[in-house]
Amino acid sequence: MIKAILIFNNHGKPRLSKFYEHFNEDIEQQIIRETFHLVSKRDENVCNFLEGGMLIGGSDYKLIYRHYATLYFVFCVDSSESELGILDLIQVFVETLDKCFENVCELDLIFHVDKVHHILAEMVMGGMVLETNMNEIITQVDLQNKMEKSEFFPFFSLFTDVYLSVYQAGQVDTGRYCRSTCSCRISCKEHEPPGNAQKHQHRRHKHKSAKFTFLQVATARS
Amino acid sequence: MALKIVKGSIDRMFDKNLQDLVRGIRNHKEDEAKYISTCIDEIKQELKQDNIAVKANAVCKLTYLQMLGYDVSWAAFNIVEVMSSSKFTYKRIGYLAASQCFHESTDVIMLTTNQIRKDLSSPNQYDTGVALTGLSCFVTPDLARDLANDIMTLMSHTKPYIRKKAVLIMYKVFLKYPESLRPAFPRLKEKLEDPDPGVQSAAVNVICELARRNPKNYLSLAPLFFKLMTSSTNNWVLIKIIKLFGALTPLEPRLGKKLIEPLTNLIHSTSAMSLLYECVNTVIAVLISLSSGMPNHSASIQLCVQKLRILIEDSDQNLKYLGLLAMSKILKTHPKSVQSHKDLILQCLDDKDESIRLRALDLLYGMVSKKNLMEIVKKLMLHVDKAEGTTYRDELLTKIIDICSQSNYQYITNFEWYISILVELTRLEGTRHGHLIASQMLDVAIRVKAIRVFAVAQMATLLDNAHMLTGNTQRNGICEVLYAAAWICGEFSEHLENPMETLEAMLRPKVATLPGHIQAVYVQNAAKLFATVLKSQEGNTDSTTAQEASQLMIDRLPLFVQSANLEVQERASCILQLVKYIQKLQQKDVEVSEEVCALFAGELNPVAPKAQKKVPIPDGLDLDAWINEPPSESESEDEQPKAIFSKEEPKHSRPRHTEVDEKELARRREARKQEQANNPFYIKASPSSQKVYQETPGVEHIPVVQIDLSVPLKVPGLPMSDQYVKLEEERRQKERAEKKKKDKKKRKEKRSGRGKKHDSGPESEEDITPAHMVDIVTEEMPENALPSDDDERDPADPHKALDIDLDKPLADSEKLPVRSHRAAEVLKSPAEDEEGENVSSLEPKKKSSKEKREKKKDKDKDRKKSKEEKKKKKHKHEEKEEADLLCGQADEPAFQSEETNEVVTPPTSTSADVSDLDFWLSNAPVPSNTQEAATVAAAEAAPAPGAISVTTPDSEPEEPKDTEMEETKSSKHKKKKQKREKEDKEKKKKKKHHHHHHHHGDKGGEESVQNGTVEEEEPLPPMSNYCLLAENSYIKVMMEDADEAYDIQGNLQDGSQVVVSVIFENKCDSFLKSMEFNVLDSLNSKLQRPEGSGPHDSLTIPFQLPPGVSNEARFVFTVQSIIMPQKLKGTLTFIVKNEESSTHEKLDFKLHFTCTSYLITTPCYSDAFAKLLESGDLKSSSIRLEGVNMPFHHLLARICFHHHFSVVERIDSCASMYSRSIQGHHVCLLVKISSQTVSVDAKCDEPTLLGNVLDEIKQTFSQC
């Protein structure tokens, strides 16, 4: 069983937390902090397994993590899971994110936590591995996203393109941005202030302008 | 309207969406909390609006805030609102939020039941999917109970996407509502063979998860998993299954034996490291489970160790880690094979990765021996010095202690060394394990008598330097050591060199800063020391020392009398008054020492930790009964804490060496040395041992070596443990040299008096003798202690509730609650729920009949199981006796069907599945095995040629001249025969139809017989499926086709197989032997012959028949097409032999394969049955039977028994029945009876087959 899946960045900021067992919010934050503390002090080239999380689990549980650029992906699992299997699963997860977000970067995870959750839900359910085939996962995620879109088209069929551009603005832009800047899988200079601020501004601007266009169109039509 | 909607969405555009929120938070880094609180206010406003889109947006933002640690439970109701939106987009947001923040105590969850149920049955698979995903995170016992049935239906959904989710969520449902496990299990089991790999993997996942906690209940699935393991290519599934086997093997060693080979193959063939690793792990588990019985698996162990070495040597740290982890498992049972890799493991101790070092430490535990203990500990001590993190250092400390103290200090040869290691460990800064060191010191000092002198000296030094340990408040943990030191010095004070000094050290004002319980020990032991001082001064005319001691006590104790700690205060004031009194006496020159010593008299023995628990309760003692009137209890409690300070031995029994005069002492020493020199078995102690110590009283004797004063934490005056390593080395060398000499001289002399305590060590270690003649006192246990009863499971473990026997048949009350109105169900049990539901949905009449039938079914299943079990047992038994008796099993159904009519066998405890498993474990799969065994047996029983002579068939009875083995066999068959004859007579009396034509049955047939019975008062006539094939004056041949579908999936290329059991009965008085059975193959049906024989060769029947004996053989036929009945011509040749002569005889027969013989009784659920009928793939046909005057249940029983059907549902005079052919054709029947006319409406996907089956049914009944 998987007890929890945590994603946080090099500074311990949570980017996604999924607990398959209930803890209250304070404990959850403590767990994230503790896990970050344990994981972050480890060298880059040591093994990816870790025992000794006090708050979560106990002796039967292990932390299995991978570090991609600015993000740590940590799975807390018990002894029924294969350690190497979970490492593969993390890889599949990240590759799936990469496909779904087109060159995923930390910003995608920041702004689209919900989407990451939906992708994760196709892989792990209630703490058990549901699907490990990346193509299958992507197909299901895409189908659901399509369905989501189709729910809005009846009303906005007249300006589909505009809507779509707004809807996908985050993803598409991010992708382009990242492709031009770096080649690493999860690649983002999230916490280096100047670059970050710039990128952030850039994104903000994009979003805003897109919204503005959309609004203009919407009012014009009505 | 449209305008309104558009307006709504425009409003929405002005709201903050998730992205805006995130951005806002990032822009307000300084006052994040404030910003978020304003956002939450906004969200609260948004949630108040009617627009669901706005609400969904707000909930989405809340989900994000929840991740940041904000409590959003106040919005639970709004989340439920969003969940119930009809739009997938919003629904998904709602379920996501719910899965993140709902939990068992969220009260709005109970509002969601109907919504979830609606979503589960939604036509849109993603609605269902989202609901399942959400539910998996917040399922509660109530939800689980209410929705279990819905989810179970989803397990057979058409879409694999839903199926796999439904299967997976069942695990959560089981956890919350354990009652659902048994009803859902059959379907879960089915899913193991689902065509979709995802569903299959989910099912494997769930069962593995279940089986991990309660493996014994899942043993019966082993054959299925074995099949999956050998056929699956999905590594995920394989890993899970292999892990599962790892959990199962400890329960069933035979399973392990079966596993070794395929696992070894996988290890050799797979390229996936994860799979390889799990295989190795499971092989290790198997080896552990076999370790007692099977010594010859060294190849497998070698393979594992070798593969693990490759892993450990890999540059990938992950593999290294896992390799070490697995290695530690081997270590437990096969330490020797791991010990050869010591170099590698010691190397890992230096790894930069802490996880790896910890794993290597674990391994060290099993690698130590008497030889290398000191060396290894020395290495570890170096690591202790180097280690930066306290966690790792603490880990090292506990490991050192673990390693040294394991199995009763087995590997310690020099306890002085160990004590000095412990003392060195006290220098550790900030360790949490002071108490651990303390308890080790106490344990060693108490149990190793020879070491006490040394230990006391060390402890005295420790006490003297107590400021070193307590100087820093941060190092509080270590001051526990002082507790042990004080106690040891007090308790064994007779060994102290200078009790006065130690007494002074123990009464320093600084002591008052120690924790209360340590102070208490100090005070109490100061009193003991005081007693010792008095004792030592006894007889001494100069009483100043004694008086000094009293004065010291009187001066210092008041400090403790003022202590805030009650324990300290009480002891101090007590002792203070005592000392004052003693001082008075001293001033009057009264000898008091004896009385004072008597205070602490008594020998101390260690008590086993569990001793108290294990005291058996004497007969007639009721611990709960009041002895006196209730309110008098507190007295006994006072004694407990004092148990630590048990009494010292009376001093006079051990005269101190100082009292003996020096000359006498020297003389004795000389004598002793002389004696030792002449004694070949005397082991010389190391120079620093107690002997030296005794010679020169005073502090000087303590080897003061290597005091590095620049390191402030070293306690001056303490010997370094390293020194012992050298000394020990020298000692051993000397010993070795000495022994060599002696061996040369006295090779023949028996070695005795070695004083070796532990002979379990490896051979090479025998050379090493302990430096001290240590007496490790074993811990005391009460007389006739109870056997151990540990390993109790945590009662809070949710999996405990899932420890359910899955092989027992389902009881009526166990049905899952079906959809019902919540209002009615609050106080009812699930079973009642169902009933209530039944009343509302079905006619009462129907219901009652249905229930009755179900009950009956259960009972029948029980019966059937007990039968099967018997059968299996018998089968196994026979197998043991002789291989060619293998065929004896199949002729039993005939009797048993009768038996069950006479006796209602009570259900027995062991289940049929378990015996199935036994069968699987002891055999290869049935059909092939039968053949193999048959051929082997045939080879054995090959007739001896040249025994041909003239025969007289009707010659006088003759005694069989066979071996004893044959006799027992024949007698057995005689009994059978008698039984059979009786049966035959009965049959003939009642009904004649049995012998007229073919009746077929199989094991499943019996079940169907019972299936059909409704009224118990009318017993069924006995039925048999054996029919006469041919008969002559010598032999009677009867056959039954017990069709075993080799491949139920119906693979035409492989052909389907039918097994025919033939009973051969010797009717004459001669011996029948060399029987050969041959059948002329047709295009469609072929007899399976052993490999290498031609298509027309006959099969040798693997047994001989003494007069009057019958036996059974089974033949396997391959059938291509099953839609038409078949007839095959065959011949049986045999030799009739009596004393004088033997003749060849021949008997022709015709084998008739009816179409019903291709049917297998297959149980079918009514819902699946309904689906099948609706599917429209089936062709229908019907027949009408006139003049049937038998009760309906008899009619059904006949159809079930002779034609291999099972009853799906029966309502009054109408029943639906189902069967499946070996090639997978479905056959459905609807049987109705009305006044002697029976109409059978049938549907099947193969019309020809159906026609033939119906004809055969008709024929069966026309014979009545």
Side-chain angles (χ1 to χ4, degrees), chain A residues 1 14 16-20 22 24-26 28-29 32 42-43 45-52 79-80 82-85 87-88 110-114 117-118 121 125-133 136 140 143-144 147-148 151-152 155 170 200 203-204 207 211 214-215 218-219 221-222, chain B residues 2-3 5-7 9-10 13 18-19 22-23 26 60 63-64 66-71 87-89 92-93 96 100 103-104 124 126 132-133 136-137 161 164-165 168-169 171-172 198 202 205-206 208-209 212 236 239 243 273-274 277-278 317-318 320-322 352-356 358 391:
Chain A
M1 286 280 278
L16 175 122
S17 67
K18 180 87 209 168
F19 290 87
Y20 294 102
H22 177 72
N24 77 36
E25 279 76 10
D26 292 338
E28 284 186 6
Q29 292 305 307
I32 295 172
R42 290 174 65 81
D43 283 341
N45 49 358
V46 297
C47 76
N48 295 337
F49 315 116
L50 193 60
E51 288 148 88
S79 61
S80 74
S82 148
E83 290 89 347
L84 295 173
L87 277 182
D88 287 346
I110 295 170
F111 286 101
H112 302 283
V113 189
D114 49 343
H117 268 295
H118 297 323
M125 192 176 121
M128 282 182 290
V129 179
L130 177 69
E131 184 60 69
T132 51
N133 180 345
E136 171 71 15
Q140 298 298 348
L143 280 172
Q144 289 179 59
M147 214 176 97
E148 205 167 64
E151 281 182 343
F152 291 94
F155 305 108
H200 192 202
R203 285 175 59 93
R204 219 164 90 116
H207 270 250
K211 206 168 180 179
F214 174 67
L215 264 184
T219 38
R221 292 285 168 186
S222 63
Chain B
L3 194 70
I5 293 167
V6 173
K7 199 162 165 281
S9 13
I10 294 166
M13 286 307 140
L18 175 62
Q19 280 75 31
V22 175
R23 203 170 296 129
R26 289 157 62 85
C60 188
T63 314
Y64 182 79
Q66 196 272 343
M67 183 181 81
L68 297 184
Y70 291 86
D71 175 32
K87 273 204 179 117
F88 173 71
T89 317
R92 186 152 80 155
I93 292 172
L96 174 61
Q100 290 294 88
H103 51 93
E104 278 197 22
N124 182 340
Y126 292 112
L132 284 172
T133 308
S136 71
C137 292
Y161 178 74
K164 71 182 178 195
K165 287 197 167 190
L168 217 50
I169 202 178
Y171 177 65
K172 293 275 171 172
N205 221 332
V206 170
C208 289
E209 209 52 61
R212 199 164 70 91
W236 278 91
I239 287 175
K243 265 188 173 283
M273 269 301 176
S274 46
Y277 173 68
E278 295 305 337
Q317 297 281 330
N318 291 331
K320 191 174 271 199
Y321 173 88
L322 293 176
K352 60 185 180 304
D353 189 347
E354 193 178 297
S355 301
I356 287 177
L358 286 175
T391 20

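Since the model is a prediction, treat every value here as computed from it, not as a measurement.
- The two residues A:Ser79 and B:Lys243 have their closest heavy-atom pair at O-NZ, 2.9 Å.
- Of all the heavy atoms in A:Gly85 and B:Trp236, the pair that sits closest is O-CH2, 3.3 Å.
- Only the side chain of B:Ile239 comes within less than 4.5 Å of a heavy atom in chain A; its backbone stays farther off.
- To the nearest 0.5 Å, atom NE2 of residue A:His112 and atom CG of residue B:Leu18 are 8.5 Å apart.
- Atom CG of B:Leu96 sits about 6.0 Å away from atom NZ of A:Lys18, to the nearest 0.5 Å.
- A donor-acceptor pair under 3.5 Å is absent between the side-chain atoms of B:Gln317 and the main chain of A:Phe49, judged by distance alone.
- Heavy atoms of B:Glu104 lying under 4.5 Å from chain A are absent altogether.
- The side-chain hydrogen bond (donor to acceptor under 3.5 Å, both in side chains) test with B:Tyr126 singles out one residue from A:Gln140, A:Glu148, A:Gln144, and that residue is A:Gln140.
- Proximity to chain A is limited to the side chain of B:Tyr321, based on heavy atoms less than 4.5 angstrom apart.
- In terms of heavy atoms, A:Glu25 sits closest to B:Gly69 at CB-O, 3.6 Å.
- Interface remark: B:Thr63 contributes no atoms to any contact with chain A (heavy atom separation under 4.5 Å).
- Proximity to chain A (any heavy atom under 4.5 Å) is restricted, for B:Cys60, to the side chain, taken from C-beta onward.
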